[in-house]
Amino acid sequence: MLDIKLLREKPDFVRERLATRYAGDDARVTEVLALDEQRRAALSEAEQLKAKRNSASKEIGALMGQKKLAEAEARKAEVRTIGDRIAELDRISSEAESARDALMATIPNLPHASVALGRDAADNPEIRVHGTKRGFDFKPLNHIELCEKLQLVDFARGTKLSGSGFLLYTGWGARLERALINFLLDLHLHDHGYTEVAPPYIIGEHCMVGVGQFPKFKDQAYAVQEGLDGSTLGKLYLLPTAEAPVANIHREELLAETQLPIRYCAYSPCFRAEAGAAGVGTRGMIRVHQFDKVELIKVVTPETGYEELEKMVGNAERVLQILGLHYRVINLCTGDMGFASAKTYDIEVWAPGQGTFLEVSSCSNTEDYQARRMNLRFKSATGENRFPHVLNGSGTALARLFVALIETHQQPDGTVAIPEPLRPYLRADVIPAP
RNA sequence: GGAGAGGUGGCUGAGUGGUUUAAGGCGCACGCCUGGAAAGCGUGAGUAGGCUUAUACCCUACCGGGGGUUCGAAUCCCCCCCUCUCCGCCA
């Protein structure tokens, strides 16, 4: 949620920044301002009438105390007509307010000044590259072939259980997935100073709105219902990312500045309907309806927001460095950024079997946009109530990391060498042929 | 799921239709006092919105949330949420 005061005071600035997203938000800004004006006009008049009514009511009380009943009745009749007008004005202002806020919820965050201007992914500047593409002196397999050969994932039976886009990890595959989760959590906890949390996987609609998933991506979520009670449908959703519950942990709270920075790390499965994405990279593990992810969340002062974003990207990069993977960091341009974000870095890991880079992490500073949506504030040292910056980043997504790992470290005999730091977690140096 | 009790400021705790502008206490900030501190005394302090150059003044709203009755609601009525106790069921 943007600050309504910013829209009032600098509407042209807001329009200009939004225009860089190429999302056609201009008309909404105009409409929000019109509704806001409507609200304030009605509110102002209603408040004056309420002040009048309050003083009249007090007088009536006094008259009744003095037993001047006839006089009191006369005043009552007078005030009653004010009441009708107040009710009407209240209705107008609250309707305008709801309409204004509903519309505000559809306006994305403003891109940070440092973000490159651009229309789509083709305009994303590359920030840095780590490592090089691994060369092979044998014919490398892609992850689907490796998974089948080593019996890491049973694609057919996964589909049999839940339809396409669901994976059944088996044997060493299941073990590798679990080893990676534990490795990632331990890395961020012990080396990077995060606190582990384990959130619910089913979350309320208000949390989805809080992080900006809703209303825009409602079609991408799995809604759940309780048993046979259809009326419960739409109240709870399977989380699309741990960001949804974890960023909301302190919603509607007023934190002390001394509690900041807050750094949380959480593992969760992620559920995404991927409606409309059928046929786009659907084969294999690249785009699935359920995948595991370790998420990083920070709540920090506005002064340190961007510094913390850089650190967060570094934390995610470290995962790939330790695992000996080739990757690049890109900065999403204004037109390619997510809804709630002011600045986003994506980390893409090289997958030799795919011949492409795969997005395994997206680290964003949403500034005060999410904090405002979930009414998360902190009291500054000077006693001022302020909105903190809320950051989120993947540290990292698992299925694609799994793909890059086995494709990169495959050996001529078809087995997969396990990078040294991961070996204690898997209790093996290599994934053997069955 | 059933029955009962409850939800009031940072905390505690009064308040069953009108000097409540939410008492009192604890804690907090500042001041007085003191060699310094404690105690004591005094003053101040919530959130959001509106008006505004203004974090000043003034106005409005806020006692779990929403709606209703009334000239006037923390207080009466209805719906919902949450917490606690007991019972039932259950990994």
Side-chain angles (χ1 to χ4, degrees), chain A residues 1-10 32-102 104-105 198 200-210 225-236 245 248-259 302 368 371-388:
Chain A
M1 192 84 79
L2 296 177
D3 185 354
I4 183 66
K5 286 177 189 153
L6 184 66
L7 268 77
R8 280 180 205 151
E9 287 160 21
K10 298 179 179 174
V32 161
L33 289 172
L35 288 164
D36 184 54
E37 193 49 52
Q38 203 177 319
R39 167 181 174 269
R40 282 192 291 164
L43 190 64
S44 194
E45 191 183 340
E47 286 183 353
Q48 283 173 34
L49 291 175
K50 281 178 186 174
K52 205 178 275 184
R53 181 177 68 183
N54 285 346
S55 60
S57 291
K58 208 171 266 182
E59 286 170 31
I60 290 169
L63 289 171
M64 306 227 339
Q66 296 160 33
K67 304 274 186 221
K68 295 179 182 171
L69 298 181
E71 217 170 308
E73 285 305 320
R75 291 307 307 270
K76 280 191 196 178
E78 199 178 301
V79 177
R80 205 169 291 146
T81 59
I82 297 181
D84 293 343
R85 178 62 181 157
I86 289 174
E88 191 189 352
L89 289 165
D90 275 349
R91 188 185 52 75
I92 292 170
S93 74
S94 79
E95 277 174 10
E97 183 173 341
S98 311
R100 180 196 72 180
D101 292 347
M104 289 273 284
Y201 300 159
I202 299 178
I203 56 176
E205 184 178 26
H206 57 293
C207 291
M208 297 288 267
V209 173
Q225 102 177 21
E226 288 180 35
L228 299 173
D229 185 355
S231 72
T232 60
L233 184 63
K235 288 183 178 161
L236 296 169
N248 275 288
I249 286 175
H250 297 287
R251 63 175 294 126
E252 287 151 45
E253 290 182 23
L254 180 62
L255 302 169
E257 182 163 354
T258 52
Q259 288 175 266
D368 61 6
R372 215 176 274 287
R373 286 175 84 103
M374 51 196 162
N375 195 23
L376 163 60
R377 297 168 303 166
F378 72 98
K379 191 175 279 294
S380 73
T382 56
E384 210 182 343
N385 293 335
R386 306 177 64 196
F387 290 104

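All values reported here derive from a predicted model rather than from experimental measurement. Just so it is clear, the values below take in all heavy atoms, side chains as well, and ignore hydrogens, waters and symmetry mates.
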Handout entry: Dot-bracket encoding of pairs in RNA chain B, which uses [ ] for pseudoknotted crossings and | for another strand, Watson-Crick or G-U under 3.5 angstrom
Key = ((((((((.[[[..)..(.....]]].(((((.......))))).(((((.......))))).[[[[[..)....]]]]])))))))....
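Side-chain contact between L376(A) and E252(A) is absent, with no heavy atoms from C-beta onward closer than 4.5 Å. By the 4.5 Å heavy-atom criterion applied to side chains, K50(A) and D90(A) are counted as neighbours.
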Practice task
For the pair M374(A) and V209(A), evaluate side chain to side chain contact (heavy atoms under 4.5 Å, CB included) and give the outcome as yes or no after the intermediate values.
Solution key: CA-CA 8 Å; M374(A) 51 196 162; V209(A) 173; over 6 Å; no
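Nucleotides rA22(B) and rA61(B) are separated by 15 Å at their C1' atoms, to the nearest Å. Remark: the separation of the P atoms in rG9(B) and rA23(B) is 12 Å, to the nearest Å. Annotation: rU20(B) and rA73(B) have their C1' atoms spaced 12 Å apart (nearest Å). One P atom belongs to rA29(B), the other to rA37(B), and the distance between them is 14 Å to the nearest Å. Only the C1' atoms considered, rC87(B) is 38 Å distant from rU69(B), to the nearest whole Å. If you take atom C1' in rA74(B) and the same atom in rU55(B), they sit 30 Å apart, rounded to whole Å. The same atom, P, is picked in rU70(B) and in rU21(B); the two are 22 Å apart, to the nearest Å. For the P atoms, the distance from rG24(B) to rA45(B) is 14 Å, rounded to whole Å.
R251(A) places a side-chain N or O within donor-acceptor distance of the main-chain N or O of H206(A), the cut-off being under 3.5 Å. Judged purely by atom type and a 3.5 angstrom limit, N248(A) uses its side chain to pair as donor or acceptor with the backbone of C207(A). Between the side chain of Q48(A) and the backbone N or O of E45(A) there is no donor-acceptor pair closer than 3.5 Å. Without hydrogens or angle criteria, R373(A) side chain to A105(A) main chain gives a donor-acceptor distance under 3.5 Å.
In this entry the distance linking CD of E205(A) with P of rC81(B) reads 16 Å, nearest Å. Here rG10(B) presents its C1' atom at 18 Å from CD of E257(A), a figure rounded to the nearest Å. The nearest whole Å value for the distance from the CD1 atom in I86(A) to the P atom in rA73(B) is 11 Å. Rounded to a whole Å, the CG atom of N375(A) is 18 Å from the P atom of rC62(B).
The minimum heavy-atom distance linking P388(A) with P302(A) is given by the pair CA-CD, 4.4 Å. The minimum heavy-atom distance between A56(A) and R75(A), with the atom names listed, is CB-NH2, 3.7 Å.
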Write down the protein N/O and nucleotide N/O pairs, taken from nucleotides 66-72 of chain B, whose separation is under 3.5 Å; answer none if there are no such pairs.
| residue | atom | partner | partner atom | Å |
| --- | --- | --- | --- | --- |
| rC71(B) | OP1 | R80(A) | NE | 3.0 |
| rC71(B) | OP1 | R80(A) | NH2 | 2.6 |
| rC71(B) | O2' | S57(A) | OG | 3.0 |
| rC71(B) | N4 | K76(A) | NZ | 3.4 |
| rG72(B) | OP1 | R53(A) | NH1 | 3.4 |
| rG72(B) | O4' | S57(A) | OG | 3.1 |

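For the pair S55(A) and E226(A), both in contact range of RNA chain B, the more 5′-proximal nearest nucleotide belongs to E226(A).
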Exercise for the section: Scan nucleotides 47-55 of chain B nucleotide by nucleotide, 5' to 3', and note B when protein non-hydrogen atoms come under 4.0 Å of the base, S if they reach only the sugar-phosphate, - if neither. Expected result: SSBSS----
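Looking at E88(A) and R85(A), a side-chain N of the basic residue comes within less than 4.0 Å of a carboxylate O on the acidic one, giving a salt bridge. The pair D36(A)-R40(A) meets the salt-bridge criterion, since a charged nitrogen lies less than 4.0 angstrom from a carboxylate oxygen. Using a 4.0 Å cut-off between charged side-chain N and carboxylate O, E205(A) and K235(A) make no salt bridge.
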